[in-house]
Amino acid sequence: MAAELSTSINIKEPCWDQGTFVGRAKHFFTVTDPRNILLSNEQLEKARQIILDYKKGVVTPGLTEDELWRAKYVFDSAFHPDTGEKMLLIGRMSAQVPMNMTITGCMMTFYRTTPAVLFWQWINQSFNAIVNYTNRSGDAPITVNQLGTAYVSATTGAVATALGLNALAKHVSPLIGRFVPFAAVAAANCINIPLMRQRELKHGIPVTDENDNRLGESSKAAQQAITQVVVSRILMASPGMAIPPFLMNSLEKKLFLKRHSRICDPFFCTFFLFLSLVFATPLCCALFPQKSSMALSRLEPELQEKIRVCHPGVETVYFNKGL
């Protein structure tokens, strides 16, 4: 009879070393795998139960170590790390490739008229707002009014930025015009993410010691977390939005594609985006550790004092930066 699986495996941390970029990349290639969105509720619930039981020291009969790690990554892909709630399907990082591929492909194809830019930028920023809310840091509840205010301010600011850039690009070459969506997305990310996560900036996010003991909430930690996410998101969009314009501009000169541009443009653009996003999404998520850290001396003075009194010896705090 096979020996029961040990309960000493640390599934609070990823399988791979998160102190290295390669380890983080392997982790996010698994978490952002688009196949995860095809998992049924029964499969998600089974993985959740395996993980919750294991954390309590209860091992599912016949469970192997490989099955445990598979359950962990299914769990991580669908449930919020702080609240434990099941995340919205299209807000999960595993939905990034198919959703961004479709939306960005349309943004880069239908960019010539103001109504088209307005519509697709609104769709894109609404999707981004869902992703930013779903992958927020912290476990504090958000009221409907707070969420509504954040959504309206984020999408309005981002769409206005995109329209402004589109207006400036009307008198430039078609090739430069194709880069307008990327510039708009980059600028909009700088607006959308902080506004959708503005509660974190106002009230702070949970910070812990290396053993996950909660020490308090810090706005300084939230600032670092959101900055890292903005950088990652802009770079995530870069390959898919910066390379295809050159390829599409060259392909449009071909006679067949010129005659059938309405059909070929979206197809080729979406195909190139798929190839880019499959690699860019996990690699850019891996730029910064998910469990980010900050020196105690960089926190708010009052929080520093509280930690030094209640938890002497702590010099570094940790927090979930979100995605």
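The chain is numbered in sequence order, starting from 1.
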**Message:** Test of understanding: with ring pair (Phe, Tyr, Trp, His ring centres under 6.0 Å), list the residues that count as partners of Trp69, not counting sequence neighbours.
**Reply:** none
**Prompt:** What do the steps show when you test Asp209 against Val317 for side-chain contact (heavy atoms from CB on, under 4.5 Å), and what is the final call?
**Reply:** CA-CA 5 Å; Asp209 62 16; Val317 299; over 6 Å; no
**Prompt:** Does any N or O in the side chain of His311 come within less than 3.5 Å of the main-chain N or O of Val314, such that one atom is a donor and the other an acceptor?
**Reply:** no
**Request:** For Phe79, enumerate each residue passing the ring pair (Phe, Tyr, Trp, His ring centres under 6.0 Å) test, keeping only those at least two apart in sequence or located in another chain.
**Result:** Phe75
**Item:** Residues that Lys291 engages under salt bridge (charged side-chain N to carboxylate O under 4.0 Å, His left out), provided they are two or more places apart
**Value:** Glu13, Asp212
**Donor-acceptor contact below 3.5 Å, side chain Asn213 vs main chain Thr208** = no
**Prompt:** What distance separates Leu38 CG from Gln43 CD, expressed to the nearest 0.5 Å?
**Reply:** 9.5 Å
**Asked** So do Gln224 and Ser292 actually touch side chain to side chain, heavy atoms under 4.5 Å?
**Response** yes
**Complete:** Rounded to the nearest 0.5 Å, the CD1 atom of Ile37 sits from the CE atom of Met93 at a distance of 12.5 Å
**Any side-chain heavy-atom pair of His203 and Glu217 under 4.5 Å** = no
**Message:** Checking the side chain of Gln290 only, and the main-chain atoms of Pro14 only, is there a donor and an acceptor separated by less than 3.5 Å?
**Reply:** no
**Fill in**
In terms of heavy-atom contacts, Phe319 and Ala221 come closest through CE1-O, 3.6 Å
**Message:** Would you say that Arg214 contacts Pro206 through its side chain, given a criterion of any heavy-atom pair below 4.5 Å between the two side chains?
**Reply:** yes
**Prompt:** Do Pro34 and Pro98 have side-chain heavy atoms sitting under 4.5 Å apart?
**Reply:** yes
**Separation of Glu45 CD from Leu39 CG (nearest 0.5 Å)** = 13.0 Å
**Prompt:** Can you check whether Met294 reaches Thr316 side chain to side chain, under 4.5 Å on heavy atoms?
**Reply:** no
**Message:** Does any part of the side chain of Lys86, heavy atoms only, come nearer than 4.5 Å to the side chain of Asn41, both counted from C-beta?
**Reply:** yes
**Item:** Atom CZ of Phe279: over 12 foreign heavy atoms under 6.0 Å
**Value:** no
**Message:** Phe288: which residues meet the ring pair (Phe, Tyr, Trp, His ring centres under 6.0 Å) condition with it, sequence neighbours left out?
**Reply:** none
**Prompt:** Do you know the tightest heavy-atom contact between Leu303 and Gly216?
**Reply:** CD1-CA, 4.2 Å
**Asked** What about the rings of Tyr73 and Trp16, do their centers lie closer together than 6.0 Å?
**Response** yes
**Asked** Counting only N and O atoms by type, is there a donor-acceptor contact under 3.5 Å from the side chain of Thr281 to the main-chain atoms of Val278?
**Response** no
**Complete:** Nearest heavy-atom approach of Ser219 to Leu201 is OG-O, 3.1 Å
**Prompt:** Backbone N or O of Glu302 within a donor-acceptor pair of the Glu305 side chain at under 3.5 Å?
**Reply:** no
**Nearest-0.5 Å distance, CD1 of residue Ile226 to NZ of residue Lys321** = 11.5 Å
**Prompt:** Do any N or O atoms from the side chain of Thr32 and from the backbone of Ser94 form a donor-acceptor pair under 3.5 angstrom?
**Reply:** no
**Set of residues satisfying salt bridge (charged side-chain N to carboxylate O under 4.0 Å, His left out) with respect to Arg24, sequence neighbours excluded** = none
**Complete:** Heavy-atom closest pair (Phe127 atom, Asn100 atom, distance to 0.1 Å) is CE2-OD1, 3.5 Å
**Request:** Could I get the full list of salt bridge (charged side-chain N to carboxylate O under 4.0 Å, His left out) partners for Asp66, not counting sequence neighbours?
**Result:** none
**Prompt:** Should Val131 and Gln96 count as side-chain neighbours, where that means a heavy-atom distance under 4.5 Å?
**Reply:** yes
**Fill in**
Residues at least two apart in sequence or cross-chain that pass salt bridge (charged side-chain N to carboxylate O under 4.0 Å, His left out) with Glu210, listed by chain then number, are none
**Prompt:** Has the side chain of Arg92 got a donor or acceptor atom that lies under 3.5 Å from a matching backbone atom of Met87?
**Reply:** yes
**Asked** Any side-chain heavy atom of Asn320 sitting closer than 4.5 Å to one from Ile205?
**Response** no
**Selection residues 183-192 - residue pairs positive for salt bridge (charged side-chain N to carboxylate O under 4.0 Å, His left out), sequence neighbours left out** = none
**Prompt:** Taking only residues two or more places apart in sequence or in another chain, which ones pass side chain to side chain contact (heavy atoms under 4.5 Å, CB included) with Leu68?
**Reply:** Leu5, Ile9, Ile11, Ile50, Ile51, Tyr54, Leu63
**Message:** Could you report the tightest heavy-atom contact between Leu283 and Phe29, atom names first, then the distance?
**Reply:** CD2-CE1, 3.8 Å
**Fill in**
CD1 (Ile90) and CD1 (Ile130) are apart, to the nearest 0.5 Å, by 3.5 Å
**Message:** Test of understanding: with side-chain hydrogen bond (donor to acceptor under 3.5 Å, both in side chains), list the residues that count as partners of Arg308, not counting sequence neighbours.
**Reply:** Gln304
**Under the side-chain hydrogen bond (donor to acceptor under 3.5 Å, both in side chains) test, residues paired with Glu300 that sit two or more places apart** = Ser218
**Item:** Residues which pass side-chain hydrogen bond (donor to acceptor under 3.5 Å, both in side chains) with Ser297, listed by chain and number, not counting sequence neighbours
**Value:** none
